Q: 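Take this structure first; my questions come after.
Computed over heavy atoms, backbone and side chain alike; hydrogens, waters and symmetry mates excluded. The shown structure was predicted, so the numbers you read here are calculated from the model rather than taken from an experiment.
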Amino acid sequence: MKNKKKILAVVMARSGSKGLKNKNILKINKIPLIGHAGKISKKIKLIDKCIISTDSRKYGNIAKKYGMHFFFLRNKKLSGSKVPDHLVLKDALIKAEKYYNINFDAVVSLPPTTPLRKKNDVIGAI
């Protein structure tokens, strides 16, 4: 049997949005945006772990309610509006591999600001 690839899903949700205050926890259909990301990750069997990378304990605790793992706060240096996503994803991957003692084969980003994404679109991207 072929070895299954280990896939990490990362929801990046910093606080301090410039345009729309606390946009990552605004609700659509009574579910915060970060909750929609967590819910879709639970539906995708290819995803082994789903974590939140955030600089907010409040966001992290909300994420836990939707099945995401929250075990670190993002460093302030990685929480600015101009920080490239790949640096945040790399940081999250390093922390997750150490925390779970797993070497992940791939990382998938699930932005909270895309709540209408479809399960098959994420699977296709993987």
Q: Roughly how far, to the nearest 0.5 Å, is the CD1 atom of I44 from the NZ atom of K39?
A: 13.5 Å
Q: Please check: side-chain N/O of T114 versus main-chain N/O of R117, any donor-acceptor pairing under 3.5 Å?
A: no
Q: Which pair of non-hydrogen atoms, one from V83 and one from K77, has the smallest distance, and what is that distance?
A: CG2-O, 3.5 Å
Q: So with a 6.0 Å cut-off around NZ of K95, is the heavy-atom count from everything else above 12?
A: yes
Q: Testing the basics here: between G60 and T54, what is the closest heavy-atom pair and its distance to 0.1 Å?
A: N-CG2, 3.9 Å
Q: Within the distance-only criterion (no hydrogens, no angle test), does the side chain of N29 pair as donor or acceptor with the backbone N or O of I31 below 3.5 angstrom?
A: no
Q: Answer yes if M12 and V107 sit in the same cluster of Ile, Leu, Val, Met, Phe, Trp and Tyr residues linked by side chain heavy atoms under 4.5 Å apart, and no otherwise.
A: yes
Q: Do the side chain of N61 and the main chain of R57 share a donor and acceptor less than 3.5 angstrom apart?
A: yes
Q: From L26 CG over to T113 OG1, what is the distance, rounded to the nearest 0.5 angstrom?
A: 11.0 Å
Q: Do I47 and I52 land in one hydrophobic cluster if side-chain heavy atoms of ILVMFWY residues count as linked below 4.5 Å?
A: yes
Q: For residues F72 and Y99: do they belong to one hydrophobic cluster (side chain heavy atoms under 4.5 Å, members Ile, Leu, Val, Met, Phe, Trp, Tyr)?
A: yes
Q: Please answer whether the main-chain N or O of I34 pairs with a side-chain N or O of N24 as donor and acceptor at a distance below 3.5 Å.
A: no
Q: Any salt bridge between K4 and D48, counting N to O under 4.0 Å?
A: yes
Q: Do you know the tightest heavy-atom contact between I62 and Y66?
A: O-CD1, 3.3 Å
Q: Is there a path from L8 to L87 through hydrophobic residues (I, L, V, M, F, W, Y) whose side chains come within less than 4.5 Å of each other?
A: yes
Q: Would you check if L110 and V10 make a side-chain contact, meaning some heavy-atom pair closer than 4.5 Å?
A: no
Q: L93 and F104: which non-hydrogen atoms are nearest, and at how many Å?
A: CD1-CB, 3.9 Å
Q: Would you say the side-chain atoms of H36 pair up with the backbone N or O of I28, donor to acceptor, closer than 3.5 Å?
A: yes
Q: Between M68 and V11, what is the shortest heavy-atom contact and its length?
A: SD-CG2, 3.6 Å
Q: Does the side chain to side chain contact (heavy atoms under 4.5 Å, CB included) test come out yes or no for I102 and K49, once each step is laid out?
A: CA-CA 10 Å; I102 295 173; K49 304 287 183 192; 4.2 Å; yes
Q: Report the relative orientation of the aromatic rings in F71 and Y100; use parallel for angles under 30°, tilted for 30 to 60°, perpendicular for over 60°.
A: perpendicular
Q: Kindly write out the residues that satisfy side chain to side chain contact (heavy atoms under 4.5 Å, CB included) with K27, not counting sequence neighbours, or none if the list is empty.
A: P32
Q: Are I25 and L33 connected, step by step, through hydrophobic side chains (Ile, Leu, Val, Met, Phe, Trp, Tyr) whose heavy atoms are closer than 4.5 Å?
A: no
Q: Donor-acceptor pair, distance only, cut-off 3.5 Å: does the side chain of R14 make one with the backbone of G16?
A: yes
Q: Can you tell me how far the CG atom of D85 sits from the NZ atom of K90, to the nearest 0.5 Å?
A: 15.0 Å
Q: Roughly how far apart are I7 CD1 and K45 NZ, rounded to 0.5 Å?
A: 14.0 Å
Q: List the atom of R74, the atom of S53, and the distance in Å for their closest heavy-atom pair.
A: NH2-O, 2.6 Å
Q: I'd like to check the salt bridge (charged side-chain N to carboxylate O under 4.0 Å, His left out) partners of D55; sequence neighbours left out, ordered by chain and number.
A: none
Q: Could you state the interatomic distance from CD1 (I51) to OG (S41), rounded to the nearest 0.5 Å?
A: 11.0 Å
Q: Taking the side chain from S56 and the backbone from K58, do they hold a donor-acceptor pair closer than 3.5 Å?
A: yes
Q: Find the distance between CG (L89) and CD1 (I94) and round it off to the nearest 0.5 Å.
A: 11.0 Å
